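Worksheet for the structure shown next.
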Amino acid sequence: PIEIPDNYAALSIECKRYHFRDGMVEERLKAIVRSQAQMKPVTDEGKAQANGQVATISHKAWRDGVELPEFNVSQFTVDLGSGQLFAEMEQQVVGMSLGETKEFSLELPADYGAEELRGKILQFSLTLDNLQELVVPTIDDEFAKDLQFDDLNALKTRIEEDIRAHIQNMNDEEVEQNILKGLAEKINLDVPPAIVDQVIDEMITHSSLEEDMRKKALKDNKLRESLIPTARTRAKNTLMLWEIIKKENLTATEDETRQFYQENANKDEAQTSFDQLESQFKSELKESLTLKKTVAFIKTKSQIHFVDA
């Protein structure tokens, strides 16, 4: 049996808090406009410009004459002026002609991911394979109407609503994960290997992999081994919460489950009323909501200190 200490919910945790900020709507709007942009081939005589073009590049890199395989890139597409490339590398690309190859040296940033390469000077050979002009739509009411909105203000309102909802979800997830981490430090629990294996099976089965890839992944011992830490944590979290549910006699009522379904159903699911759902799906919804209620219950007993993200 799992022993739940009486003071299990007396947690003191620190959580990041994310905020909506000025400029977020415009940033998202620009991304939407970029996704609707069309490409126009640049002629053979054209040269790469600092903005408004999409370049396809290939490159290799060496350090002290030794080739670095991790820098071998083929047919990589970048929006010039978007910051996708190192600033110094983009400066080299600007002005190149289609099909041209250029060799140059570049000092990697001091905060580069691989610590051993931070601040090191590499020699690059880069080829401009393709160049296209970005034809971006004008941001106006007509653009919004093309996306099924009444006008630009309606589109911006929806974007802001989506961003705020996403931020709220991030904040909720941050609190939940820190509550679970705090519980795990108080509750001594060894998860049986068989349960960890079962969770790994579920992780792979419900992944976005194609069916044939999922079948192979289920038998991939190296992959399964890499999933053990995550699976063990998920299993422990679930076991802890169900013990707390029993201890506190917590549950989600049918009316609460019905409301939860109505508020979270996607467009396809919304075509089916709650009463038409299969009993197994209803049961899964109730379990999911009961777990959420349990985390919310623990939250009311905990001291949470927020720091701005």
Side-chain angles (χ1 to χ4, degrees), residues 13-35 37 42 47-134 136 163 166-167 169-171 173-175 177-178 181 222-223 225-230 233 305-309:
I13 58 178
E14 183 176 281
C15 298
K16 295 178 183 177
R17 174 171 280 172
Y18 301 91
H19 298 276
F20 179 85
R21 57 177 173 77
D22 292 341
M24 282 185 166
V25 172
E26 294 303 322
E27 288 174 10
R28 177 61 185 143
L29 183 57
K30 287 180 182 178
I32 293 173
V33 170
R34 170 63 182 84
S35 71
V42 174
K47 294 182 180 294
Q49 300 173 4
N51 293 288
Q53 291 182 332
V54 176
T56 303
I57 61 173
S58 299
H59 64 63
K60 295 183 178 182
W62 294 260
R63 181 187 172 198
D64 298 331
V66 178
E67 186 172 351
L68 303 175
E70 62 267 37
F71 284 92
N72 288 351
V73 171
S74 178
Q75 301 286 310
F76 178 57
T77 300
V78 294
D79 287 6
L80 296 179
S82 67
Q84 289 177 269
L85 294 176
F86 297 130
E88 294 80 1
M89 179 177 286
E90 185 160 312
Q91 289 171 7
Q92 297 291 337
V93 174
V94 172
M96 289 182 67
S97 301
L98 192 61
E100 181 183 350
T101 297
K102 179 184 285 189
E103 296 182 355
F104 56 90
S105 296
L106 184 150
E107 182 178 337
L108 295 181
D111 60 352
Y112 185 72
E115 187 174 353
E116 67 277 9
L117 291 176
R118 292 174 183 172
K120 303 302 181 183
I121 297 177
L122 306 186
Q123 291 73 47
F124 279 85
S125 176
L126 183 148
T127 300
L128 180 61
D129 300 308
N130 194 18
L131 193 60
Q132 294 177 297
E133 201 82 34
L134 265 179
V136 181
I163 292 173
H166 178 65
I167 291 173
N169 288 337
M170 289 173 62
N171 287 329
E173 180 71 13
E174 172 77 3
V175 171
Q177 291 304 312
N178 279 286
K181 183 179 178 181
K222 188 174 181 180
L223 172 63
E225 185 176 352
S226 71
L227 294 175
I228 287 176
T230 301
T233 298
H305 309 280
F306 291 101
V307 294
D308 289 340

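Keep in mind that this is a model prediction, so the values were computed, not measured. Just so it is clear, the values below take in all heavy atoms, side chains as well, and ignore hydrogens, waters and symmetry mates. This chain uses plain numbering: 1 for the first residue, then up along the sequence.
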Next on the checklist: Please evaluate residues Leu128 and Ser97 with respect to the criterion side-chain contact (heavy atoms from CB on, under 4.5 Å), reporting the C-alpha separation (whole Å), side-chain torsions for both, the decisive distance (0.1 Å), and the verdict.
Outcome noted: CA-CA 7 Å; Leu128 180 61; Ser97 301; 5.9 Å; no
Next on the checklist: Let's go through Asn72 and Glu67 carefully: what are the C-alpha distance in whole Å and the side-chain angles of both, what is the deciding distance for side-chain contact (heavy atoms from CB on, under 4.5 Å) to 0.1 Å, and is it a yes or a no?
Outcome noted: CA-CA 9 Å; Asn72 288 351; Glu67 186 172 351; 3.2 Å; yes
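How far OH of Tyr112 is from NZ of Lys120: 13.5 Å, rounded to the nearest 0.5 Å. Here the CZ-CG distance, from Arg118 to Leu108, works out to 11.0 Å after rounding to the nearest 0.5 Å. The structure places OG of Ser105 at 8.5 Å from CG of Leu122, a figure rounded to the nearest 0.5 Å. Taking CD from Glu14 and CD from Glu174, the interatomic distance works out to 9.0 Å, rounded to the nearest 0.5 Å.
Nearest heavy atoms, Ser82 versus Gln84: OG-OE1, 3.0 Å. Shown here for Ile167 and Met24, the closest heavy-atom pair between the two residues is CD1-SD, 3.9 Å. Minimum heavy-atom separation, Ser74 to Ser58: CA-OG, 3.5 Å. Pairing each heavy atom of Lys16 with each of Ala309, the nearest pair is CB-CB, 4.1 Å. Minimum interatomic distance between Asn51 and Gly81 (heavy atoms only, all atoms of both residues): OD1-CA, 3.4 Å. Nearest heavy-atom pair, Thr127 versus Gly99, reported as atom, atom and distance to 0.1 Å: CG2-O, 4.1 Å.
Ring-plane geometry between Phe104 and Phe124 is classed as parallel, the angle between the planes falling under 30 degrees on a 0 to 90 degree scale with a further cut at 60.
Under the 4.5 Å side-chain criterion, counting only non-hydrogen atoms from C-beta, Val78 is not in contact with Val93. Residues Gln49 and Glu133 meet the side-chain proximity criterion, which asks for heavy atoms closer than 4.5 Å. You'll find the side chain of Arg34 reaches within 4.5 Å of the side chain of Leu134, heavy atoms only. Taking the side chain as every heavy atom from C-beta outward, Gln92 and Leu126 never approach each other to under 4.5 Å. Contact check for Ile121 versus Leu106: no side-chain heavy atoms found under the 4.5 Å cut-off. The shortest side-chain heavy-atom distance between Asn171 and Val175 does not fall under the 4.5 Å cut-off.
When only modelled atom types and interatomic distance are considered, Glu173 and Asn169 share no side-chain donor-acceptor pair under 3.5 Å.
Annotation for Lys60: atom NZ does not count as buried by contact number, only 12 or fewer foreign heavy atoms lying within 6.0 Å. Surrounding CD of Glu70 are more than 12 heavy atoms belonging to other residues, nucleotides or ligands, all under 6.0 Å away.
For the pairing with Thr77, the side chain to side chain contact (heavy atoms under 4.5 Å, CB included) check across Thr56, Ile57, Asp129 returns one residue only, Thr56.
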